[in-house]
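A quick write-up on the structure given underneath.
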Amino acid sequence: MNKTQGFTLVEMAIVLVIVGLLIGGLVTPLSVQLEQRRVADTQRAMDEAREALIGFAVRNGYLPCPAISAINGLEDRDGARCSGERRIGFLPWATLGLNKLDSWNRLYLYSVTPAFTDSANFFRLNTPRDITIASRDALGNLIPASASNDIPAVILSHGRNGFGAYSDAGIRQADTGGVNIDEKANMSLSGQAFISRVASDVNTTPGGAYDDLVVWLSPNILYNRMLAAQRLP
């Protein structure tokens, strides 16, 4: 009478190793796909926010101020101007009717040229703008992504690593990136110079590791929409 033989410990160990390798091979692509989805969703939300800013300007004749706080998403306006002449803060999600957080559950940063938020003196075609966007070429050199002082407003997500980003409660995450030079530039509270470039996890890349997402409001598109709506002379 034959006896059924079970697996030996060695055979079971080999099977477990193979299964582990197979699972590991699946987990990595799935995590990459999940991260790509988060980036795409955040980029889409930021594009919608840009359209919402244009819609706000078409309806009101000016751009909104930054949000009152991390908790209150209404624009922080004092009369015809932003409170304290503030030009950088959180995207006023409640005023614009948008989602508050990006795909990593952090607040969007928003910077706007002060003259474009003046509700007493609506901006015109010749109203000065004061935000500049830079990028990097194939050799890693900083190059213009916009004309100097040409952008009315910018929206920023600090991306996956979240260095310098703010939580839902308004608590700022520490910047532990070290050599992430371009991300550090985007953390500046001056709100007048931003860098937008291809993402990289490599610290030795010119400008350092980078995963910020930057969307800016083109003055040409804004003016075309305003002219079409007869909001500009």
Side-chain angles (χ1 to χ4, degrees), residues 39-68 73-77 80-82 85-102 106-135 143-159 165 182 185-197 212-233:
V39 170
D41 287 347
T42 298
Q43 186 69 56
R44 188 180 308 109
M46 294 172 73
D47 290 339
E48 292 173 355
R50 175 169 52 193
E51 287 297 311
L53 288 173
I54 294 174
F56 183 96
V58 167
R59 184 180 65 188
N60 298 288
Y62 56 90
L63 290 173
C65 299
I68 293 174
L74 295 174
E75 63 162 337
D76 191 6
R77 180 170 296 278
R81 293 276 189 166
C82 298
E85 299 292 325
R86 192 157 61 98
R87 51 111 14 88
I88 187 169
F90 305 125
L91 184 70
W93 73 90
T95 295
L96 296 173
L98 300 171
N99 288 330
K100 178 180 179 179
L101 307 172
D102 64 16
R106 303 184 187 106
L107 291 157
Y108 294 104
L109 199 68
Y110 170 64
S111 179
V112 59
T113 298
F116 278 69
T117 62
D118 190 338
S119 61
N121 300 289
F122 296 159
F123 65 84
R124 294 291 182 259
L125 295 174
N126 61 350
T127 299
R129 304 172 295 277
D130 67 1
I131 300 175
T132 303
I133 311 294
S135 188
I143 57 172
S146 75
S148 180
N149 299 321
D150 192 48
I151 304 302
V154 167
I155 305 167
L156 170 73
S157 164
H158 288 284
D182 291 346
N186 287 344
M187 295 176 206
S188 170
L189 295 181
S190 71
Q192 291 182 255
F194 294 88
I195 297 176
S196 175
R197 66 172 176 85
D212 287 358
L213 297 173
V214 182
V215 167
W216 58 93
L217 184 56
S218 164
N220 298 318
I221 294 176
L222 175 62
Y223 291 152
N224 284 340
R225 299 281 188 86
M226 297 288 284
L227 287 167
Q230 300 183 342
R231 295 291 304 197
L232 286 176

Nearest 0.5 Å, what's the CG-CG distance between Leu53 and Leu98?
8.0 Å
Say whether, by atom type as modelled, one donor and one acceptor occur between the side chain of Arg77 and the main chain of Thr117 under 3.5 angstrom.
yes
For atom CG of Asp118, is the number of surrounding heavy atoms from other residues, nucleotides or ligands below 6.0 Å larger than 12?
yes
May I have the list of side-chain donor-acceptor pairs in residues 54-68 shorter than 3.5 Å, sequence neighbours left out?
from, atom 1, to, atom 2, distance (Å)
Asn60, ND2, Phe56, O, 2.9

Hey, is Asp130 close enough to Arg87 for a salt bridge, meaning N to O under 4.0 Å?
yes
In sequence, state the C-alpha distance, the side-chain angles, and the governing distance for Tyr110 and Ile88, and then conclude on side chain to side chain contact (heavy atoms under 4.5 Å, CB included).
CA-CA 6 Å; Tyr110 170 64; Ile88 187 169; over 6 Å; no
Counterpart residues, side chain to side chain donor-acceptor pair (under 3.5 Å), relative to Asp41 (two or more places apart)
Arg37, Arg44
Would you indicate whether the side-chain heavy atoms of Leu109 and Leu91 approach each other to under 4.5 Å?
no
Among pairs that include at least one residue of residues 221-233, which meet side chain to side chain donor-acceptor pair (under 3.5 Å), considering only residues two or more places apart or in two chains?
Glu51-Arg225, Arg129-Tyr223
When rounded to the nearest 0.5 Å, the distance separating OG of Ser119 from CZ of Arg81 is 9.0 Å
Would you say Ser135's side chain and Ile143's backbone share a donor-acceptor pair under 3.5 angstrom?
no
Drop me the distance from Leu232's CG to Leu125's CG, to the nearest 0.5 angstrom.
5.0 Å
Do Tyr108 and Thr42 touch side chain to side chain, with heavy atoms closer than 4.5 Å?
yes
Between Ala165 and Arg106, which heavy-atom pair has the shortest distance, and what is it?
CB-CD, 3.3 Å
Given the rule in the side chain to side chain contact (heavy atoms under 4.5 Å, CB included) test, do Leu217 and Val154 qualify, once you have shown the distances and angles that lead to the verdict?
CA-CA 6 Å; Leu217 184 56; Val154 167; over 6 Å; no
Side chain to side chain contact (heavy atoms under 4.5 Å, CB included) between Val39 and Leu213, worked out:
CA-CA 8 Å; Val39 170; Leu213 297 173; 4.3 Å; yes
Quick check against the 3.5 Å criterion: does Ser111 have a side-chain atom that pairs as donor or acceptor with the backbone of Ile155?
no
Run the side chain to side chain contact (heavy atoms under 4.5 Å, CB included) test on Leu107 and Leu101 for me, step by step, so that the C-alpha distance in whole Å, both residues' side-chain angles and the decisive distance to 0.1 Å come before the verdict.
CA-CA 5 Å; Leu107 291 157; Leu101 307 172; 3.9 Å; yes
State which residue, out of Ile133, Thr132, Leu222, fulfils the side-chain contact (heavy atoms from CB on, under 4.5 Å) condition with Ile151.
Ile133
Between CZ of Phe194 and CD1 of Ile131, what distance do you get to the nearest 0.5 Å?
6.0 Å
Residue pair Leu156 / Asn186, side-chain heavy-atom distance below 4.5 Å:
yes
Atom of Arg86, atom of Cys82 and distance for their closest heavy-atom approach:
O-CB, 3.3 Å
To check you understand the geometry: which heavy-atom pair defines the closest contact between Asp102 and Ser157, and what is its length?
OD2-OG, 2.8 Å
Search all heavy atoms of Trp93 against all heavy atoms of Asn99 and return the closest pair with its distance.
CB-O, 3.9 Å
Using a 3.5 Å distance criterion without hydrogens, assess whether the side chain of Ser188 forms a donor-acceptor pair with backbone atoms of Ser190.
yes
Taking the side chain as every heavy atom from C-beta outward, state whether Val214 and Met46 have any atom pair closer than 4.5 Å.
no
Any side-chain heavy-atom pair from Phe123 and Pro152 closer than 4.5 angstrom?
no
